[in-house]
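This report concerns only the one structure given below.
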Amino acid sequence: MPMEKTFDAAEAEARLYEAWEKAGCFTAGANASRAETFCIMIPPPNVTGSLHMGHAFNNTLQDILVRWHRMRGFDTLWQPGQDHAGIATQMVVERELAKAGKPSRREMGREKFLETVWEWKQQSGGTIINQLKRLGASCDWSRNAFTMSGAPGAPAGEEGNFHDAVIKVFVDMYNKGYIYRGKRLVNWDPHFETAISDLEVEQVEVDGHMWRLRYPLEGGATYEHPVEWDEDGNPTAFETRDYLVVATTRPETMLGDTGVAVHPEDPRYKHLIGKTVRLPLCGRSIPIVADDYADPEKGTGAVKITPAHDFNDWEVGQRTGLRAINVMTTRAAMWLKDNPDFAEGCDPDLVAKAIERLDGTDRYEAREAIINEATDDGWLDGIDSDRHMVPHGDRSKVAIEPYLTDQWFVDTAKIVGPALDAVRDGRTKILPEQHEKVYFHWLENIEPWCISRQLWWGHQIPVWYGPSKEELDAYPAVYSGLPQSFCAPSFEAARELASQYYGEDVQIGEFPSTGPARSYAFGWNGPKLSIDLQRDPDVLDTWFSSGLWPIGTLGWPEQTDELNKYFPTDVLITGFDIIFFWVARMMMMQLAVVDQIPFHTVYVHALVRDEKGKKMSKSLGNVLDPLELIDEFGADAVRFTLTSMAAMGRDLKLSTQRIAGYRNFGTKLWNAARFAEMNGVFEGYAPDGTIPQPAETVNTWIIGETARVRQTVDDALAAYRFNDAANALYAFVWGKVCDWYVEFSKPLLMDGTPAQQAETRATMAWVIDQCLILLHPIMPYITEELWGTLGQRDKMLVHADWPTYGPELIDAQADREMNWVIGLIEEVRSARAQMHVPVGLQIPMLFTELDAAGRAAWDRNEALIQRLARIESLEAAETLPKGCVTIAVEGGSFGLPLAGIIDVAEEQARLEKTLAKLEKELGGLQGRLKNPKFVESAPEDVVEETRELAAAKGEEADKLRAALARLAELA
RNA sequence: GGGUGAUUAGCUCAGUGGUAGAGCGCUUCGUUCACAUCGAAGAUGUCGGGAGUUCGAAUCUCUCAUCACCCA
């Protein structure tokens, strides 16, 4: 049965993938024939995620490296898995509960909610796995990992031990003093009511206002405010003011103001430092402090300071000893009632009034109310419109509130050193190199990493709280509010620690951690003290667990075979957007935990954009769905497109037209194979790895070309130059094999001697097999399908042996000869087309000169040239007759007698144009050769090459000039 | 404001000192038995501007312009 004309990707892909999986082709170590290992960890997609273009790109590159190594016989593992995406998953499940009208998270309680999340995970968490399979990703799915596996409450099928790894690392780092709990300003997401890390904050430019507020000076203080200036900007007129004007974009925070800062050298305010102003609305008396943070050039030069609600203000407050007053709830509403910090130092009447009007109002309502009040009471100095950056939560999209809370932090300064050293001394390389700068810059200025989250879905912090001994001793006189912490992998272990601390005779129990953090209970039952420890309710940042991905997925802390074999892993392929989130943290954590680098190379790829260069985003509606593209063009076409555009460090602008082009490339390959099949090339073909040793130049030549492209592909992949590999293969398969070799083979296969036929069949079978093998990492499906269709094989292509032959297969003589033949055919075709010779017309050809090499080349390849250039005969001639088209090639001068067909003037024009081009090139070459400095300084081979080229061009030009002269004579 | 990168054919982009390239698009011709998801031929470039280093610069240096991204 003849092959179809095209490859049916839709039909074949699922079938082939299933066959690979069923045969265990992707399991760790499959097809290994050597001791070296090769391991890639997939950057774990969100369990809530679905495949987007970035994933498709990222995983195509990984798959290429993995398939390449597996075919080369490395002991290969591509470790897949997903991360549990704390906020995102909790958000998805809460939204589903709301949609279904079910009880909310808080209504159902922590345990029940987590059950629901696990149910959701088991139903929907596999989406992206199936999508990766459609792309052809050859991950070892039997090892699929999950960052929450083995956590308490994990259902059957989720028994891994990732949770153990996370908890063990927390405890170890805690014991080493790398983790601490502290009260600091954090980025607080008022929607999710949790802290987030500064990396999860997006700066969004918004149109807003700068409100100027008047804070009256106390104690009769005044200052001179400039109102007129001369040309040089020196003030010339002043007015006396008994108030300061501060400008703010966030008036609602003023209730938490505890100072006004001015620059220590600012002449306007210098004498006011140490004096006070009276805060409107609540009558708090707050000091005027000196700090460089106040920029005299900006606004009025006086800045209100709200340490509890602004990062810069916090710093100022720390430096100048100001109080920090929190005036907001976790939902960013005003918190004034029952807020002793707020009330302290204020006018009780004003406090009562403020509570009445503002307590519990949302921050934006409060802003409006305060501005109205200021307008009515005359302390609003003015309003300027102002475009400024406002931090937003990347998940919730609401404005982030700097918020003063107790959180857990990794003291990154203590573990950053080894991560910097590893890249500095080259043990880990980041490609392209420019990203190393980004890495260094971030790590050298690293801030403490806030790792606690006020969520339920995640690894609960393994710390239990109890009363301190001081508190017990002083009971009931003192409530310290400073509990004793016990950090341990389990409650039992924490109880051990507690027993050591409190003494053996104290009864210790656990109280469920439902309340606020750091609560505990204790009491005396007669003389017997009983203490209920309570676990910290917070969970860890998801990136804390993904930071352990390299060891966690391999079974650590168990010393598994896989861990010993595959760690440290080899290459990490990831997008630049998570260098901070993930790469840097993996480096720090692996080095801190097992004292080894996690991988020797990080390949950072660029962004996939739409064809206009815009970032793909749902809101712009310019998202290309990789799955739709796979449906339309096939996975191979999508993969090849992404690969061919994967130039290091450059963004990809993806257009469907380009994908269609590579789909066509697949069809081209398919039809070359179809041609071979139709000509019995694969009949009785038994590939045993031997390379044909043909006698025909054309066969020798294509074997050399194959060796050349194999070298190019290997070099390119070794250097992570994926586009070079793809483009070399494209040029070879289409430009060499299909355009020339298949055409050259036709006369041999159809009219050759039995010996010629046999060797040509053997060569073509081998060449096509090599195309399939070399293309397989990039286009796995169509190549596997052809491999199976064309012949009987011992192994599937996915496990075929990657070739190692090299330049020894290149025959310089065959190379020269075939290039001469191709050149001649192209010249003839070009002349014919320009002279409007009918395409199908067979014409005779004459030659006036032809050197020995040319003669031999002609004789050996006569049939090919005649067929492809449509020449019916070749004869020697003394001179070319009138009406003859001249063709000059190296070592030969040919003519096509076309009297009556061609226009002499047109031929003249054609020759002149060719000659002009030639002379221009020649001019450049000779100019260089005439320059003695060039001959002196340039490398010898360059000079030699230039000489040869000049000679060849000169010879060709002479021939053309002779032809032109002849034309002139005859005209 | 700081940093990084980019600017090459109509479009998208390769090209790290030695003959300016590819794909797409465009024009003309062509369905002879691998393929019209095809073939043959053709046109299109002061390599962003300027200066410098060099025998020689798209490539190295400086400078200007424009754009993009990251960080404040």
Side-chain angles (χ1 to χ4, degrees), chain A residues 2-7 198-199 203 311-312 389 432 434-435 437-438 441-442 445 576-577 579-580 606-607 609 611-615 633-634 637 641 644-679 681 721 723-724 726-728 730-731 734-735 737-739 742-743 745-746 750 825-826 828-840 867-870 913 917-918 920-922 924-925 927-939 941-943 945-946 949-950 952-953:
Chain A
M3 286 166 63
E4 296 294 326
K5 279 193 175 185
T6 55
F7 171 57
D198 48 2
L199 294 176
Q203 299 294 335
F311 286 100
N312 290 316
M389 301 301 260
Q434 73 226 32
H435 287 289
K437 286 186 192 165
V438 179
H441 182 258
W442 191 68
N445 298 288
F576 68 91
D577 47 337
I579 291 182
F580 310 130
L607 212 63
R609 296 165 177 279
E611 56 190 311
K612 295 192 188 78
K614 284 247 164 34
K615 210 166 165 172
F633 301 106
T641 308
S644 74
M645 307 207 311
M648 238 189 259
R650 282 287 287 252
D651 285 348
L652 286 69
K653 293 185 194 166
L654 196 60
S655 78
T656 52
Q657 211 176 28
R658 185 110 185 224
I659 305 172
Y662 290 117
R663 187 261 329 263
N664 298 352
F665 173 63
T667 306
K668 191 74 183 173
L669 172 70
W670 181 267
N671 279 290
R674 182 166 177 264
F675 169 82
E677 199 263 353
M678 287 168 76
N679 283 277
V681 163
R721 301 180 63 94
N723 56 321
D724 285 354
N727 295 336
Y730 186 98
W734 200 319
V737 176
C738 294
D739 284 350
V742 169
E743 294 305 326
S745 76
K746 285 176 182 174
M750 289 160 194
I825 293 169
E826 281 176 336
V828 174
R829 280 174 170 176
S830 177
R832 289 177 59 124
Q834 285 177 70
M835 292 300 106
H836 314 296
V837 179
V839 174
R867 182 186 171 96
L868 295 183
R870 304 207 178 264
K913 197 181 152 196
K917 205 173 147 194
L918 214 50
K920 196 184 156 202
E921 284 171 13
L922 204 50
L925 293 170
R928 272 195 276 164
L929 288 168
K930 273 181 201 150
N931 183 342
K933 284 189 174 168
F934 170 71
V935 183
E936 274 168 40
S937 349
D941 56 330
V942 172
V943 177
E945 206 179 312
T946 310
L949 203 59
K953 298 270 177 198

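All values derive from a computational prediction rather than experimental measurement. When reading the values below, keep in mind they use all heavy atoms of this one structure, side chains included, and skip hydrogens, waters and symmetry mates.
- Using atom C1' as the reference point in both B:U54 and B:G39, the two lie 46 Å apart (nearest Å).
- As judged by a 4.0 angstrom heavy-atom cut-off over every strand, A:Arg663 is placed among the base-contacting residues.
- Of the possible donor and acceptor atoms, one in the side chain of A:Trp670 sits under 3.5 Å from a partner among the backbone N and O of A:Glu4.
- Distance noted for atom C1' between B:G56 and B:U12: 31 Å (whole Å).
- For A:Tyr730 and A:Ser644, the side-chain atoms include no donor-acceptor pair closer than 3.5 Å.
- Heavy atoms of A:Asn727 sit nowhere under 4.0 angstrom from any nucleic acid atom.
- Nucleotides B:A14 and B:A9 have their C1' atoms positioned 13 Å apart, rounded to a whole Å.
- Base engagement by A:Lys668 is indicated by at least one non-hydrogen atom pair under 4.0 Å involving a base atom.
- For B:A22 and B:G45, the P atoms lie 15 Å apart once the distance is rounded to whole Å.
- Looking at heavy-atom distances under 4.0 Å, A:Lys913 makes contact with sugar-phosphate atoms alone, never a base.
- Counting any heavy atom pair closer than 4.0 Å across all strands shown, A:Arg721 reaches sugar-phosphate atoms only and no base atom.
- The C1' atoms of B:U63 and B:A20 are separated by 26 Å, rounded to the nearest whole Å.
- Contacts of A:Pro939 with the nucleic acid, taken as non-hydrogen atoms under 4.0 Å apart, include base atoms.
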